[in-house]
K.L.:
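First the structure, then my questions, so here it is.
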Amino acid sequence: MKRALLGLTMWMMCCLSACPPPAFCQEEYQFNLSEIEKEIEKKPYSIGGFVEFRPVLFGLDRSGASYQMKFRDEDRGATEKQYNFGLRLEGSFEKGPAGAYLRTDSSLRHGYQGWSDDITLSEGYLSLKPNPSFILSVGKKAVQWGKGYAFNPVAFVSRPKDTENPTEALEGYYMITADLIKSFRGPLQTLAFTPVLLPVTRTINQDFGEQDGLNLAAKLYLLLWDTDVDLVLFTGDSRTTRYGLDFAKNLKTNFEIHGEMARITDFDKKGIDTDGSLSTHKSDVMLALLGIRYLTANEVTFIIEYYHNGGGIGENDARNFFRFVDLAYDVYTSTGDASRLAEASQLYNKALAESKPMRDYLYCRASWKEPFDILYFTPSVTSIVNLADWSLSFSPEFVYSPKTNLEFKLLGAFLMGGEHTEYGEKRYDYKIELRIRHYF
Amino acid sequence: MTRSLFMVLFCLCLAAPAYPESGDAILKKVDRNLTPEAFEMYRKLINIEPDGTKKEFIMYSVKKGRDRIASVFLSPASEKGRATLRVGENMWLYIPNVGRPIRITSLQSVTGGIFNNADIMRLDYSAEYNCEKMERAQNQLLLHLKAKTRSVAYDRVRMWVDPKKLLPTKIECFASSGMLIKTLYFKKIRDFGGGLLRPAVIETDSPLHKGYRSVMIFAGVKKRDLPDEVFTLDFLPRVKSLR
């Protein structure tokens, strides 16, 4: 598998570098309508995907709690390199009202632990669409609910987004889902109902929640007075009951507002004492998001979102955790006893392993489409601020697509924060990543 | 006496406009001559850079009524499946990776290059513009159009229309500041069947992107009346299945 994936990636890269240069002339375009008609001819199947190479350089923070838990007193130097190769394969088949879709993601990584590889069936489902008002799907599917760009409190049946890459495809869950759609004339233009049946057994959806359970979720969508509104509900054996709503509306032609609110009942809310012990108590918690998307006259798009995670740990709990890691590390360096560091690591996995584990965050992104008349080039900057401890990440990004189906993305991430803050205690201070992706 | 009356009537006929219809009525006819009210079509978009490098996109679109249009990219692979839906001033973008449609501002671009939403998600001209003035210019009709609302990408448009075929030959698009944003040239009139005879090619150049040109080639334009449910958020990821 490793060799095949590495070989395919290298072959694709060689093909790219061997492509002939463009013709440097202002030639008149030529086209043949019959050729275009051949191009648009519908085939019952389609195959596609991408191959990517993604080297990453981490600038390590040896005083960070995450570094100390992971590497203890190993001197790993100032930087760490990682080489990632990826392959996505997508295929679909359609015959009449029936269809099938498949997406696999394969990765090969070389990091400080050597080589590792993974193949995931990200999506694979059958669908039936007897008419545009009714669509039934059965299989593994990524269902995304919510209006937020970086966070989705109402995404009850999907995996959490990577806030550093919120537009990347996620792995789905096995489910049976349907869409029932009805259109109207008047203030209510669309009404759509989406029920989801999601089982959890020993062999499927194990990581969703408690096993041997059946879960039911539903979404009611309305396009009402030019506003998107969703009412969502989840109940079942694997997670506690939760409900919520979201909305999105264009207030002006260049200004959009969106929001989400979710209430999770009987949530296991976590607390961490000064001695590093974890306590949980059940309570109902509220998650909320409010965001805007604003486009300026020179095509700069701002996305700003405030996210409140009512189930996240508080600032004092986080501080207690980081102090406990300091203490555990001191014990380790003075006595060689690593048991407390192991405890800290377990505690981290239970309380802080989520992408955004604390209570309040601000997400800001500005992207400028094709500045200075450079076509297919989009620079952007993103910052995520933890509003409790004021630590933050700052990420400049450059995306350029010089040729059809070829995309370069250069991404930097710089983490800033004092002692005992979320971003100040991460494993690295900065990260520089280049992603070369070729679609086929 | 009879001769005098005849002369007066003759002079009145000469003074009367050749097109008794209003500019708005002409504009509506131009719209219907370009596309049926409910239709499907394919478009190949070609961006040509000053060094001759080209980028090509193929889109499939369906439209219904005055304000509903959905489009999906069929190629290249990097854009495949990216779909947009417009219902009046509401606009959504579906990116397959993201897995759900997101509401975008109606002026947002959905892909790179010279094309913008106004080109890709254009509604009828008569739905978006009023004709303020119509005049004769070089054996053609020149319509001076003004956007009905501020949400339209081009504030003012000058449209040259072939008076016999009632099809546009050239369109100049202006910003509210009066700056020329782009010029569209309609070429190669072709019979698409079903009585639809229209230009198969629109060439575009823009003083904002000097040396760059874009070409839009139309294929498979035909009348198709789809249910309203096709033009909804939940159906957007499946638009390509309508083909």
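Both backbone and side-chain heavy atoms feed into the values below; hydrogens, waters and symmetry mates do not. Lettering follows sequence order; numbering is per chain, from 1. Remember, predicted model here, so these are calculated numbers, not experimental data.
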K.L.:
Run the side chain to side chain contact (heavy atoms under 4.5 Å, CB included) test on A:Y376 and B:N47 for me, step by step, so that the C-alpha distance in whole Å, both residues' side-chain angles and the decisive distance to 0.1 Å come before the verdict.
P.N.:
CA-CA 11 Å; A:Y376 318 117; B:N47 283 339; 3.0 Å; yes
K.L.:
For A:R437 versus B:N97, what's the shortest heavy-atom pair and its separation?
P.N.:
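Shortest heavy-atom contact: NH1-ND2, 4.3 Å.
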K.L.:
One thing to verify: whether B:E49 and A:K403 come together as a salt bridge, which I'm taking to mean a side-chain N less than 4.0 angstrom from a carboxylate O.
P.N.:
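Result for this pair is no, no salt bridge flagged.
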K.L.:
Which atoms of A:N152 come close to chain B, meaning under 4.5 Å heavy atom to heavy atom: side chain ones, backbone ones, both, or neither?
P.N.:
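Side chain only.
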K.L.:
Where do A:P132 and B:E229 come nearest, in terms of heavy atoms and distance?
P.N.:
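Taking A:P132 first and B:E229 second, the nearest heavy atoms are O-CB, 4.1 Å.
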K.L.:
Does any backbone or side-chain atom of A:R88 lie under 4.5 Å from a heavy atom of chain B? Answer side chain, backbone, both or neither.
P.N.:
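Just the side chain, heavy atoms under 4.5 Å.
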K.L.:
Answer with side chain, backbone, both or neither: which region of A:F255 has an atom nearer than 4.5 Å to a non-hydrogen atom of chain B?
P.N.:
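For A:F255, the contact with chain B is made by the backbone alone.
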K.L.:
Would you compute the distance between atom OH of B:Y42 and atom CD of A:E39 and round it to the nearest 0.5 angstrom?
P.N.:
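Rounded to the nearest 0.5 Å, the OH-CD separation comes out at 12.5 Å.
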K.L.:
Quick one: CD1 on B:I102 to CD1 on A:I303, what's the gap to the nearest 0.5 Å?
P.N.:
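If we round to the nearest 0.5 Å, B:I102:CD1 and A:I303:CD1 are 7.0 Å apart.
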K.L.:
Rounded to the nearest 0.5 Å, how far does CE of B:M41 lie from CD1 of A:I40?
P.N.:
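Rounded to the nearest 0.5 Å, the CD1-CE separation comes to 11.5 Å.
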K.L.:
Would you mind reporting whether A:K42 and B:Y60 have side-chain heavy atoms less than 4.5 Å apart?
P.N.:
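Side chain of B:Y60 against side chain of A:K42, heavy atoms only: no contact under 4.5 Å found.
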K.L.:
Checking B:T149 against chain A: side chain, backbone, both or neither under 4.5 Å from a heavy atom?
P.N.:
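Contact with chain A is absent: no heavy atom of B:T149 under 4.5 Å.
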K.L.:
Does any heavy atom of chain B fall under 4.5 Å from the side chain of A:E37, the backbone, both, or neither of them?
P.N.:
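It is the side chain, since no backbone atom gets that close.
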K.L.:
Looking at A:Y439, I'd like to know if the NZ or CZ of B:K80 sits under 6.0 Å from its six-membered ring centre while staying within 45 degrees of the ring's axis.
P.N.:
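Checked: cation-pi criterion not met.
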K.L.:
Between B:K55 and A:S401, which heavy-atom pair has the shortest distance, and what is it?
P.N.:
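Closest heavy-atom pair between B:K55 and A:S401: NZ-OG, 2.8 Å.
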K.L.:
Using heavy-atom distances under 4.5 Å, tell me whether B:F218 contacts chain A through its side chain, its backbone, both, or neither.
P.N.:
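Backbone only.
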K.L.:
Atom CZ in A:F440, atom OG in B:S78: separation rounded to 0.5 Å?
P.N.:
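A:F440 atom CZ to B:S78 atom OG measures 12.5 Å (nearest 0.5 Å).
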K.L.:
Between A:K161 and chain B, with a heavy-atom cut-off of 4.5 Å, which part of the residue counts as in contact: side chain, backbone, both or neither?
P.N.:
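It is the side chain, since no backbone atom gets that close.
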K.L.:
Quick check on A:D226 against chain B: is it the side chain, the backbone, both or neither that has a heavy atom closer than 4.5 Å?
P.N.:
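Contact with chain B: backbone and side chain both.
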K.L.:
Checking heavy atoms, do the side chain of B:P76, its backbone, both or neither come under 4.5 Å from chain A?
P.N.:
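Its backbone and side chain both get close to chain A.
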K.L.:
Under a 4.5 Å heavy-atom cutoff, which of B:R100, B:R238, B:R103, B:R190 has the most pairs with chain A?
P.N.:
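Greatest number of close heavy-atom pairs with chain A: B:R103.
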K.L.:
Would you say the side chain of B:L233 lies within less than 4.5 Å of the side chain of A:L223, judging by non-hydrogen atoms?
P.N.:
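No, every pair of side-chain atoms sits at 4.5 Å or beyond.
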K.L.:
What's the spacing between B:Y212 OH and A:L375 CG if we round to 0.5 Å?
P.N.:
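That separation rounds to 4.5 Å.
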K.L.:
Is a side-chain N or O of A:E256 found less than 3.5 angstrom from the main chain of B:I104, in a donor-acceptor match?
P.N.:
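Not confirmed, A:E256 side chain does not pair with B:I104 backbone.
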K.L.:
Determine whether B:E56 and A:T404 make a side-chain contact, defined as any pair of heavy atoms from C-beta on separated by less than 4.5 Å.
P.N.:
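Counting from C-beta outward, B:E56 and A:T404 never come under 4.5 Å.
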K.L.:
Which atoms of A:F184 come close to chain B, meaning under 4.5 Å heavy atom to heavy atom: side chain ones, backbone ones, both, or neither?
P.N.:
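Backbone of A:F184 only, per the 4.5 Å heavy-atom cut-off to chain B.
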K.L.:
Roughly how far apart are A:K219 NZ and B:D234 CG, rounded to 0.5 Å?
P.N.:
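Between atom NZ of A:K219 and atom CG of B:D234 there are 4.5 Å.
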K.L.:
Could you tell me which portion of B:R43 (side chain, backbone, both or neither) has an atom closer than 4.5 angstrom to a non-hydrogen atom of chain A?
P.N.:
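Interface part for B:R43: neither.
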K.L.:
Considering non-hydrogen atoms only, spot the tightest contact between A:Q144 and B:V98 and give its length.
P.N.:
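Heavy-atom minimum between the residues: CG-O, 3.4 Å.
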K.L.:
Where the side chain of A:N405 meets the backbone of B:A77, is there a donor-acceptor pair that is under 3.5 Å apart?
P.N.:
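Yes, because the side chain of A:N405 sits within donor-acceptor range (under 3.5 Å) of the backbone of B:A77.
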K.L.:
Test A:K182 against B:T232 for side-chain hydrogen bond (donor to acceptor under 3.5 Å, both in side chains), laying out the working first.
P.N.:
CA-CA 9 Å; A:K182 186 74 191 153; B:T232 59; over 6 Å; no
